Amino acid sequence: MQKFINFYSWGVNMKFHMGIYAVALIFFNGLARWLMGERTIPILALVEMALAAAVVAMAESWIFPRYQEWEGRALTRRTALWVLVCNLGFLGGAVVFQWFQGVPLWGMGALVLVMEAGIFAMWFATHVALKKDSKWLNYKLKQYQSQ
């Protein structure tokens, strides 16, 4: 039963990140299409974006396994690998599946900058903000237990 619970918990966490990635891809694809005068996103493109987000999120869960703390050089190496996977998955998907076909070069540059900022925001949330929350909760728990 514990293996099922661990697998289920992994799936929930992985799909949470997949959802964030997929929504970002769909939002920016929709925005780019809207700015170019289009008002629809093909269903196949939506499926491709969801699958790319799933692959990246699964790779992310392998690179940063749950319940393990990463610091120093190990965190740096894993972060570099994760950034590479994100760039290959999202930029590679955009090129291979032509999600942003017709966007001018300056628009592509802007999209890449936004993507890199989003990747940084996800890393910061996972490895800085949530850890700070965990430390605070542990501190409060110790205070409560000592009363």
Side-chain angles (χ1 to χ4, degrees), residues 2-141:
Q2 187 60 41
K3 286 187 179 198
F4 172 76
I5 291 170
N6 288 343
F7 177 72
Y8 191 83
S9 178
W10 167 83
V12 168
N13 191 53
M14 185 275 301
K15 284 184 262 181
F16 171 68
H17 284 228
M18 173 193 158
I20 290 172
Y21 296 143
V23 166
L25 286 170
I26 292 165
F27 173 79
F28 284 106
N29 184 268
L31 181 63
R33 287 176 180 273
W34 182 75
L35 290 172
M36 293 187 309
E38 297 179 37
R39 298 296 181 254
T40 61
I41 300 174
I43 291 173
L44 183 58
L46 295 172
V47 171
E48 292 163 353
M49 288 183 237
L51 289 175
V55 168
V56 170
M58 283 188 257
E60 176 183 47
S61 69
W62 175 75
I63 295 166
F64 294 116
R66 295 183 69 202
Y67 309 121
Q68 292 186 14
E69 298 275 332
W70 303 103
E71 295 178 355
R73 296 176 82 189
L75 178 60
T76 302
R77 282 193 305 272
R78 288 178 179 271
T79 298
L81 177 59
W82 173 70
V83 168
L84 178 67
V85 166
C86 288
N87 278 283
L88 288 174
F90 301 138
L91 292 177
V95 169
V96 169
F97 299 114
Q98 300 177 345
W99 295 332
F100 298 96
Q101 186 176 15
V103 173
L105 189 59
W106 66 266
M108 287 295 196
L111 286 168
V112 168
L113 287 175
V114 168
M115 183 196 71
E116 297 301 334
I119 289 171
F120 173 77
M122 187 65 110
W123 183 90
F124 184 84
T126 303
H127 297 283
V128 176
L130 290 178
K131 288 187 182 193
K132 187 173 181 176
D133 284 350
S134 293
K135 286 180 183 180
W136 175 251
L137 289 171
N138 287 334
Y139 169 76
K140 294 304 267 181
L141 177 63

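Only a predicted model underlies this, so the values are computations on that prediction, with no experimental measurement involved.
By the 6.0 Å contact criterion, CD on Q68 is enclosed, its count of non-hydrogen atoms from other residues, nucleotides or ligands being greater than 12. No more than 12 heavy atoms of other residues, nucleotides or ligands sit less than 6.0 Å from atom CD1 of I43.
Side chains of H127 and F64 form a contact here, defined as non-hydrogen atoms less than 4.5 Å apart. Side-chain atoms of S61 and M18, non-hydrogen and from C-beta on, never get closer than 4.5 Å to each other. In this structure the side chain of M36 reaches within 4.5 angstrom of the side chain of V103, judged on heavy atoms. Side-chain contact between F28 and L31 is present, with heavy atoms from C-beta onward closer than 4.5 Å.
Contact between A22 and A50 at its shortest, heavy atoms only, is CB-CA, 4.3 Å. Taking every heavy atom of both residues into account, W123 and L75 meet most closely at CZ2-CD2, 4.0 Å. Annotation for W99 and A45: closest pair NE1-O, 4.0 Å, computed over non-hydrogen atoms. Across I63 and P65, no two heavy atoms sit closer than the pair O-CD, 3.3 Å. Of all heavy-atom pairs spanning I119 and C86, the tightest one is CD1-CB, 3.5 Å. Of all non-hydrogen atoms in G89 and V56, the two that sit nearest each other are CA-CG2, 3.9 Å.
In this structure, the separation between CG on N6 and NZ on K3 is 9.5 Å, given to the nearest 0.5 Å. Atom CD of E48 is separated from atom CG of L46 by 9.0 Å, given to the nearest 0.5 angstrom. Between the CE atom of M108 and the CG atom of L113 there is a distance of 13.0 Å, given to the nearest 0.5 Å. The structure places CG of L111 at 13.5 Å from CZ of F90, a figure rounded to the nearest 0.5 Å. In this structure, CE on M14 lies 10.5 Å from CD on E60, to the nearest 0.5 angstrom. Note: W62 CH2 to W10 CH2 = 13.5 Å, rounded to the nearest 0.5 Å.
The aromatic rings of H17 and Y21 lie perpendicular to each other, with more than 60° between the two planes, well past the 30° mark.
With hydrogens and angles disregarded, a donor-acceptor distance shorter than 3.5 Å links the side chain of R66 to the backbone of S9.
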